[in-house]
Student: 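Below you will find the structure I want to go over with you.
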Amino acid sequence: MKKIRIGAIGACSAIFGNVHGDGIINNPDKFELVALCDLNTEKLEKFAERFHVAQTYEDYREMIAKANLDAVVNATPTSSHAVTTIDCLNAGLHVICEKPISMTIEEADAMIDAAKKNNRILQIAVQSRHCDAWKKIRELIRGGRIGTPHTITITQFWDDPYVYNNWRTSAEISGGGIVADSCIHWIDMMRNLMGEITGVFGVGTPSPDSPMPHIEDSSLTLFRFQSGAIGCLRNGWRNVRWPNCNENVEINGTVGTIIGNLMNPWVRKDPQIVELFTVGGNPVGKEVFEFMTSRDRFTAQMADFAECVNGNRLVTCTAEDARRGLQIQQAIYDSYKTKQWQEI
Ligand SMILES: NC(=O)c1ccc[n+]([C@@H]2O[C@H](COP(=O)([O-])OP(=O)(O)OC[C@H]3O[C@@H](n4cnc5c(N)ncnc54)[C@H](O)[C@@H]3O)[C@@H](O)[C@H]2O)c1
């Protein structure tokens, strides 16, 4: 099969440098990384050398016009997602765009329209959907192993000072604080595992020693699902990580419970563990599943994008999913302000 000629906008971003570049390189049968674009021309030369890419551009419009691409990775900050993505789609390119989809619902709608009008793939990058351990959890739920799921708690804690030193803490570029930046992943995962979210109530706050006290870096959100289930999401940028703390889930159902500690190989060498406890035995039944593929989710995500571009698969996280995620994100911020549940 012909390789997809791919370029990157925001190529010098942390996300492209840490994972998307390798996600492309690790799929050599699917992609040819042809061109990199970034406003930071100094860094751009170093990235071009590292990824063995001959063409570099400061202006993405020039890249679109000259590089003869089939697709792009859009790894620019959130406020640039809509304009850059729409220009690429209108130029006939497929796009995998970073989360959150955009700043506003209107922008998301314009992106969705441009993808439809041009018959191009628009996929949003939420890599946990491509993670073996998360996929196992979904399979266990769908397979009825815990009966009817009725509660879910997801926790993600970070202690990385990096997040405070860039545009993430400027709501006019990022769309908010930790909810726009990090919770958005877990809003998507909640929907993916438990079905549609119909109501939210959130509280968020800057931690007492936050270097950026104008935004929330800690948040707690409660969810109500269409199924009648309820959920809780805990996020922090300023938590001391205890072992296994930084990507955890517990799901309770009528006949079982799933407990997952999922990001270990990123942080430590231990495997990701998914435990399934079921009633009916004494002691209760227990199965343990181990994975060492935490970081591989990015390579799997790019492979999935290639399959979608080649027409072999439907998009995993669609732009419509991401639009709904943005709606829920905005409802969480509304509940901060109103101190009320928000029906969505
Ligand atoms: N999926 C994840 O887990 C994850 C993790 C981190 C970041 N992200 C997302 O990735 C995106 C980038 O985040 P980051 O922290 O890596 O950003 P970053 O600040 O490290 O890099 C952004 C880059 O984009 C470039 N840029 C900005 N506007 C541009 C334009 N118009 N044309 C070309 N280049 C432009 C900047 O020069 C910079 O090099 C954001 O949408 C963020 O939400 C996702």
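Quick note: residue numbers are just sequence positions, from 1. Order of appearance sets the numbers: ligands from 1, and atoms from 1 within every ligand.
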Student: Any idea which protein heavy atom is nearest atom 11 (C) of ligand 1, and the distance to it?
Tutor: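 The answer is T76 O, 3.4 Å.
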
Student: Over 60° means perpendicular and under 30° means parallel, so tell me whether F298 and H20 are parallel, tilted or perpendicular.
Tutor: perpendicular

Student: After noting the C-alpha distance and the side-chain angles of Y60 and V72, does the key distance pass the side chain to side chain contact (heavy atoms under 4.5 Å, CB included) rule?
Tutor: CA-CA 10 Å; Y60 71 92; V72 294; over 6 Å; no

Student: Below a 4.0 angstrom heavy-atom separation, can you tell me which part of Y162, side chain or backbone, both or neither, approaches ligand 1?
Tutor: side chain

Student: Considering only protein heavy atoms, which is closest to atom 10 (O) of ligand 1, and at what distance to one decimal place?
Tutor: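 Here the nearest protein heavy atom works out to E98 CG, 3.1 Å.
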
Student: Quick one: does F289's side chain get under 4.5 Å of L140's, heavy atoms only?
Tutor: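 Yes, side chains in contact.
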
Student: Give the intermediate values and the outcome of side chain to side chain contact (heavy atoms under 4.5 Å, CB included) for residues D159 and N239.
Tutor: CA-CA 5 Å; D159 59 358; N239 296 76; 5.7 Å; no

Student: May I ask you to identify the nearest protein heavy atom to atom 22 (C) of ligand 1, giving residue, atom name and distance to one decimal place in Å?
Tutor: S13 CB, 3.6 Å

Student: Starting from atom 5 (C) of ligand 1, find the nearest protein heavy-atom neighbour and note its residue, name and distance.
Tutor: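 Checked against all protein heavy atoms, atom 5 (C) of ligand 1 sits closest to I15 CD1, 3.3 Å.
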
Student: Give me the nearest non-hydrogen protein atom to atom 20 (O) of ligand 1 as residue plus atom name, then the distance to 0.1 Å.
Tutor: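 Atom 20 (O) of ligand 1 sits closest to the protein heavy atom A14 N, 2.9 Å.
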
Student: Is it the side chain (CB and beyond), the backbone, both or neither of K99 that lies under 4.0 Å from ligand 1, heavy atoms counted?
Tutor: both

Student: Just let me know how A75 lines up against ligand 1, side chain, backbone, both or neither, with a heavy-atom cut-off below 4.0 Å.
Tutor: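 Answer for A75: backbone.
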
Student: Just say parallel, tilted or perpendicular for the rings of W134 and W186, cut-offs at 30° and 60°.
Tutor: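 The arrangement is tilted - the two ring planes meet at 30° to 60°.
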
Student: Which of the atoms in ligand 1, numbered in the order shown and given with their element, are less than 4.0 Å from a heavy-atom of C12?
Tutor: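 Near C12, the atoms of ligand 1 are 39 (O).
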
Student: Using a 6.0 Å distance limit plus a 45 degree cone around the ring axis, check whether R191 lies over the aromatic ring of F223.
Tutor: no

Student: Quick one: which ligand 1 atoms are inside 4.0 Å of a heavy atom on I9?
Tutor: 32 (N), 33 (C)

Student: Determine whether the side chain, the backbone, both or neither of H185 has a heavy atom under 4.0 Å from any heavy atom of ligand 1.
Tutor: side chain

Student: Looking only at protein heavy atoms, which one is nearest to atom 3 (O) of ligand 1, and how far off is it?
Tutor: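 Going atom by atom, the protein heavy atom closest to atom 3 (O) of ligand 1 ends up being Q127 NE2, 2.8 Å.
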
Student: Please check: side-chain N/O of R138 versus main-chain N/O of N192, any donor-acceptor pairing under 3.5 Å?
Tutor: yes

Student: Are the side chain of R129 and the backbone N or O of T316 linked by a donor-acceptor pair below 3.5 Å?
Tutor: yes

Student: Would you say the side-chain atoms of T85 pair up with the backbone N or O of A82, donor to acceptor, closer than 3.5 Å?
Tutor: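 No: the side chain of T85 does not pair with the backbone of A82.
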
Student: Below 4.0 Å, non-hydrogen atoms only: which portion of W167 touches ligand 1? Side chain, backbone, both or neither.
Tutor: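 Within the 4.0 Å criterion, W167 contacts ligand 1 through side-chain atoms alone.
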
Student: Should R168 be listed as contacting ligand 1, given a heavy-atom distance under 4.0 Å as the test?
Tutor: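 Yes, R168 has heavy atoms under 4.0 Å from ligand 1.
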
Student: Are any of the N/O atoms on D38, whether in the backbone or the side chain, positioned under 3.5 angstrom from an N/O atom of ligand 1?
Tutor: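 Among all N and O atoms of D38, at least one is under 3.5 Å from an N or O of ligand 1.
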
Student: Need the ligand 1 atom indices (1-based, order shown) with element for anything under 4.0 Å from a heavy-atom of H81.
Tutor: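 With H81 as reference, the close atoms of ligand 1 come out as 41 (O).
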
Student: At a 4.0 Å threshold, what atoms of ligand 1 neighbour a non-hydrogen atom of G10?
Tutor: 24 (O), 25 (C), 33 (C), 34 (N)

Student: With a heavy-atom distance limit of 4.0 Å, tell me whether L39 approaches ligand 1 through its side chain, its backbone, both, or neither.
Tutor: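 Looking at L39 and ligand 1, atoms from backbone and side chain both fall under 4.0 Å.
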
Student: Counting from 1, what ligand 1 atoms have a heavy atom of P77 closer than 4.0 Å?
Tutor: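 So the atoms of ligand 1 that pass are 22 (C), 24 (O), 27 (C).
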
Student: Any luck finding a side-chain donor-acceptor pair between N248 and T155 under 3.5 Å?
Tutor: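 No donor-acceptor contact under 3.5 Å links the two side chains.
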
Student: Please check this pair: side chain of Q226 against backbone of E196, looking for a donor-acceptor N/O pair closer than 3.5 Å.
Tutor: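 No; judged by distance alone, with no hydrogens or angles, the pair does not exist.
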
Student: Heavy-atom contact check, 4.0 Å cutoff: does E58 meet ligand 1?
Tutor: no

Student: Less than 4.5 Å apart, any side-chain heavy atom of N74 and any of E98?
Tutor: no

